[in-house]
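Here is the structure we will look at.
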Amino acid sequence: MARRRKQSPFEDLIDLAALLPWWVTLPLALIAYLWFHSIATSPIPTLANPDELNGQLPGIMLRGLAVPAQYFLPAALVIGAIASVFGRIRRKKLFNSVATNENTLESISWHEFELLVGEAFRRKGFTVQETGQGGADGGIDLVLLKDGEKYLVQCKQWRRQLVQVNVVRELFGVMAAEGAKGGFVVVSGRFTEDAKAFAQGKNLQLIEGAELNDMIRQSRATAARRNSQPTTIKTPYQATSVSSDPLVQPRRAAQPSCPTCQAPMVQRVAKRGRDVGNQFWGCSQFPKCRTTRNEMPT
């Protein structure tokens, strides 16, 4: 991986702004301009005697900084907002091209592979921070946030070589140093048996290329089914409405019973494996009974 050239503070600010949604960044740009402009155009106080200079020096320095900042800071935020919009379009196009087999995991670049993995986790409900960007990233390409917990992701697009145990061990060490809840190593190919053995019993998930392809196709199919469900707009003569969002359905399917112990089953959310973020039925007597059902009511 090539080392990224050193950036200016202006470029760093653009990269930071690009991580935020455009509808957050643009209002921030307007607020920054109005605030710095009010400081830059404020009247300069007159000094009755030289002894007052020390008391007025901080205000004079702030006014001097506000003159360029009223233009540079809003400009960086606006450019970051534009980059955020185009980045979102690029990730969506890349995701769909792999889901429809227009592109494969091996045919895209390593940077596109990181974007693709980030989009896959984003569609699982995670907030994704991309940290790689072609530089020395300390073993972390993505940082995932969900329910107040942090997860780390290492991506490897190795076309021929099996991913060795040292890659998995490296991420596990970074997880401990960062205090992360868990981690994922996502590859376009496969892991060695030593790497799989090392991950056993740890909150560290190994996702091979075949599993990543399944995750992408399942996510796209789920989104397509959700978008295809009709929505009925409520009128004064209707008592209920039908929503395309399964989380706000007014009526849900009957609660099933456990086929093993006959106890009622409850809805749970997968926190590990390739189905992380998906809902499933689990026995209410867990951990005494570990029976699960993957199918969920629509």
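Just so you know, these numbers come straight off a predicted model, no measurement behind them.
Few gaps surround CZ on Phe10; more than 12 heavy atoms of other groups in view lie less than 6.0 Å from it. Heavy-atom contacts from other residues, nucleotides or ligands closer than 6.0 Å to CZ of Arg122 number more than 12. Counting non-hydrogen atoms of neighbouring residues, nucleotides and ligands closer than 6.0 angstrom, the NZ atom of Lys92 reaches no more than 12 such neighbours.
A cation-pi arrangement is present between Arg123 and Phe95, with the terminal nitrogen or guanidinium carbon under 6.0 Å from the aromatic centre and inside a 45° cone about the axis. At least one test fails for Lys288 against the ring of Phe286: distance under 6.0 Å to the centre or angle within 45° of the axis. For the pair Lys181 and Tyr151, the NZ or CZ position fails the cation-pi test of under 6.0 Å to the six-membered ring centre and within 45 degrees of the ring normal.
In terms of modelled atom types and a separation under 3.5 Å, the side chain of Arg268 and the main chain of Cys283 share a donor-acceptor contact. The backbone N or O of Ile216 lies less than 3.5 Å from no partner atom in the side chain of Ser219, so there is not a single donor-acceptor pair. Under a 3.5 Å cut-off, the side chain of Thr192 and the backbone N or O of Gln164 do not form any donor-acceptor pair. One N or O on the side chain of Lys202 and one on the backbone of Phe198 form a donor-acceptor pair closer than 3.5 Å.
A donor-acceptor pair shorter than 3.5 Å can be found between the side chains of Thr104 and Ser107. In this model, no donor atom of one side chain and acceptor atom of the other lie less than 3.5 Å apart for Arg91 and Asn96.
Of the inter-residue distances, the one linking Leu212 atom CG with Cys155 atom SG reads 9.0 Å to the nearest 0.5 angstrom. Distance check: Gln157 CD to Leu116 CG gives 9.5 Å after rounding to the nearest 0.5 Å. With rounding to the nearest 0.5 angstrom, the CG atom of Leu28 is 10.5 Å from the CH2 atom of Trp23. Taking OG1 of Thr127 as the reference point, atom CG of Leu144 lies at 9.0 Å (rounded to 0.5 Å). Interatomic distance, Trp110 CH2 to Asp141 CG, rounded to the nearest 0.5 Å: 8.0 Å. Separation of atoms CZ (Phe184) and CG (Leu204) is listed at 9.0 Å; rounding is to 0.5 Å.
Counting only heavy atoms from C-beta outward, the side chains of Leu26 and Leu30 never approach each other to under 4.5 Å. Two residues are said to be in side-chain contact when any heavy atoms from C-beta on lie closer than 4.5 Å; Glu208 and Lys196 meet this criterion. For the pair Ile140 and Val153, the minimum side-chain heavy-atom distance is 4.5 Å or more. Between Leu105 and Phe113, some side-chain heavy-atom pair lies under the 4.5 Å cut-off. Counting heavy atoms from C-beta outward, Ile39 and Leu62 have side chains that approach closer than 4.5 Å. At a threshold of 4.5 Å between non-hydrogen side-chain atoms, the residues Tyr71 and Phe36 do not count as touching. In this structure, Val163 and Trp158 have side chains that are in contact, with non-hydrogen atoms separated by less than 4.5 Å. At least one side-chain heavy atom of Cys289 sits under 4.5 Å from a side-chain heavy atom of Cys258.
What you find for Trp22 and Ala81 is that their closest heavy atoms are CB-O, 3.9 Å. Across Val168 and Ala195, no two heavy atoms sit closer than the pair CG2-CB, 3.8 Å. Minimum interatomic distance between Ala17 and Thr25 (heavy atoms only, all atoms of both residues): O-OG1, 3.5 Å. Nearest heavy-atom pair, Pro43 versus Arg63, reported as atom, atom and distance to 0.1 Å: O-NH2, 3.6 Å. Listed here is the closest heavy atom pair of Arg220 and Ala99: CD-CB, 3.2 Å.
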Side chain to side chain contact (heavy atoms under 4.5 Å, CB included) evaluation trace for Ile207 with Val187: CA-CA 6 Å; Ile207 301 178; Val187 301; over 6 Å; no
Take Glu114 and Lys156 through the test salt bridge (Lys or Arg N to Asp or Glu O under 4.0 Å) and record every step on the way to the result. CA-CA 8 Å; Glu114 290 183 6; Lys156 292 294 182 184; over 6 Å; no
Taking it one step at a time, do Lys93 and Glu119 satisfy salt bridge (Lys or Arg N to Asp or Glu O under 4.0 Å)? CA-CA 10 Å; Lys93 182 179 179 180; Glu119 182 67 12; over 6 Å; no
Pair Leu142, Gln129 - check side chain to side chain contact (heavy atoms under 4.5 Å, CB included), show working. CA-CA 6 Å; Leu142 305 171; Gln129 299 175 0; over 6 Å; no
Side chain to side chain contact (heavy atoms under 4.5 Å, CB included) evaluation trace for Val85 with Arg88: CA-CA 5 Å; Val85 172; Arg88 183 72 184 92; 5.9 Å; no
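Salt-bridge annotation for Glu178 and Lys150: present, with a side-chain N of the basic residue lying under 4.0 Å from a carboxylate O of the acidic one.
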